[in-house]
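For the single chain, residues carry numbers from 1 onward in sequence order. Computation of the quantities below employed the complete heavy-atom set of this structure, encompassing side-chain atoms and omitting hydrogens, waters and symmetry-equivalent molecules. Please read these numbers as outputs of a predicted model, since none were measured by experiment.
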Amino acid sequence: FTTIGHALRLTDNQFGLWAALAIHDTSSVVGAGLVYGPQALAEATTVKLARALWIVPVAITVGFLWNRGREEAQTEAAGAKKGKKPWFILGFIAAAALATYVPSLHKPGHLVSIAAQRSLVLTLFFIGANLTREALRKVGLRPFLMGVTLWVLVAGLSLSAIRWHLIG
């Protein structure tokens, strides 16, 4: 991405926006922005995190809508359990708000943040370690090609939109 960005003479803001839209993994977005420049890093991180925050309302809405239909059907069946709702997301928002707005929690919140970042890096390593030739063989060529094709399309379309000033 950085090589393409330099070859196309993208500004730091353009590159940061492109990286945030076209690169799936947050740590890779941060790495690409860091390599490109400080302004690209700020832009990429801000846009990627804003994009990631949309997971909260989407997950809550989908969870409630998905389970609403199931709960109605389950209440008709004797002894059926209620559908689960994504309450952990509300807990996450509450914890983030407390760590942000309660001064006595700033230092512990920062320590938790550092631990979370380290855990994320370790988790990404473990996830990445499972990507072997054998795993790809088990998945098959068609899903692999579909994933690569979608990635190229998203990267290309978002870059085109940025270059033509349709976004950003």
Side-chain angles (χ1 to χ4, degrees), residues 1-8 10 12-36 40-74 77 80-93 96 113 115-168:
F1 274 80
T2 56
T3 303
I4 293 170
H6 286 299
L8 294 175
L10 296 178
D12 279 10
N13 287 341
Q14 288 175 322
F15 181 81
L17 182 59
W18 181 45
L21 295 175
I23 300 173
H24 173 71
D25 177 59
T26 303
S27 62
S28 298
V29 170
V30 171
L34 182 64
V35 170
Y36 205 81
L41 173 62
E43 182 81 17
T45 305
T46 302
V47 173
K48 185 64 176 180
L49 292 177
R51 230 182 102 198
L53 285 175
W54 274 100
I55 292 171
V56 174
V58 169
I60 289 172
T61 302
V62 169
F64 281 109
L65 292 175
W66 178 268
N67 288 323
R68 187 179 62 177
R70 289 178 172 223
E71 285 177 358
E72 292 169 3
Q74 288 174 345
K81 293 181 180 178
K82 281 188 143 188
K84 295 181 180 179
K85 293 184 175 45
W87 294 113
F88 71 93
I89 293 175
L90 296 176
F92 174 79
I93 293 170
S113 174
Q117 290 171 4
R118 301 280 195 270
S119 298
L120 179 62
V121 169
L122 183 62
T123 301
L124 291 172
F125 169 77
F126 286 134
I127 290 170
N130 287 328
L131 190 59
T132 63
R133 288 183 188 178
E134 182 59 33
L136 291 175
R137 245 182 261 138
K138 285 182 182 178
V139 169
L141 184 61
R142 288 181 68 194
F144 175 75
L145 290 176
M146 181 179 183
V148 170
T149 302
L150 289 173
W151 176 69
V152 169
L153 282 172
V154 167
L157 290 173
S158 60
L159 177 60
S160 296
I162 291 165
R163 295 280 294 174
W164 292 331
H165 304 289
L166 299 175
I167 57 175

Listed by chain and number, what are the side-chain contact (heavy atoms from CB on, under 4.5 Å) partners of [X], not counting sequence neighbours?
X      : value
Ala161 : Leu166, Ile167
Leu8   : Ile4, Leu10, Leu159, Arg163
Val56  : Ile60, Ile89, Ile93

Nearest-0.5 Å distance that lies between atom [atom1] in [X] and atom [atom2] in [Y]:
X      : Y      : atom1 : atom2 : value
Leu17  : Ile162 : CG    : CD1   : 4.0 Å
Leu150 : His24  : CG    : NE2   : 12.5 Å
Trp18  : Ile23  : CH2   : CD1   : 7.5 Å

Listed partners of Ser160 passing side-chain hydrogen bond (donor to acceptor under 3.5 Å, both in side chains), at least two apart
none

Once side-chain hydrogen bond (donor to acceptor under 3.5 Å, both in side chains) is applied, do any residues pair with Asp12, and if so which ones, sequence neighbours excluded?
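By the side-chain hydrogen bond (donor to acceptor under 3.5 Å, both in side chains) rule, Asp12 matches no residue at all.
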
With ring-ring contact (aromatic ring centres under 6.0 Å, His included) as the test, would you mind laying out the steps for His6 and Tyr36 before giving the verdict?
CA-CA 8 Å; His6 286 299; Tyr36 205 81; 4.3 Å; yes

What verdict does the side chain to side chain contact (heavy atoms under 4.5 Å, CB included) test give for Arg51 and Leu21, after you've listed the backbone C-alpha separation in whole Å, the side-chain angles of each residue and the deciding distance to 0.1 Å?
CA-CA 8 Å; Arg51 230 182 102 198; Leu21 295 175; 4.1 Å; yes

Taking all non-hydrogen atoms of both residues into account, name the closest pair between [X] and [Y] and its distance.
X     : Y      : value
Ala22 : Ala155 : CB-CA, 3.6 Å
Phe15 : Gly5   : CD1-CA, 4.1 Å
Ala20 : Ala44  : CB-O, 3.5 Å

For the pair Leu65 and Thr61, evaluate side chain to side chain contact (heavy atoms under 4.5 Å, CB included) and give the outcome as yes or no after the intermediate values.
CA-CA 6 Å; Leu65 292 175; Thr61 302; 3.8 Å; yes

Mark yes or no for whether Thr46, through its side chain, and Glu43, through its backbone, hold a donor-acceptor pair below 3.5 Å.
no

Under the ring pair (Phe, Tyr, Trp, His ring centres under 6.0 Å) rule, what pairs show up with a residue in residues 141-161, not counting sequence neighbours?
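Every pair satisfying ring pair (Phe, Tyr, Trp, His ring centres under 6.0 Å) with a residue in residues 141-161: Phe1-Trp151.
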
Does a side-chain heavy-atom distance below 4.5 Å link Val29 with Thr45?
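Side chain of Val29 against side chain of Thr45, heavy atoms only: no contact under 4.5 Å found.
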
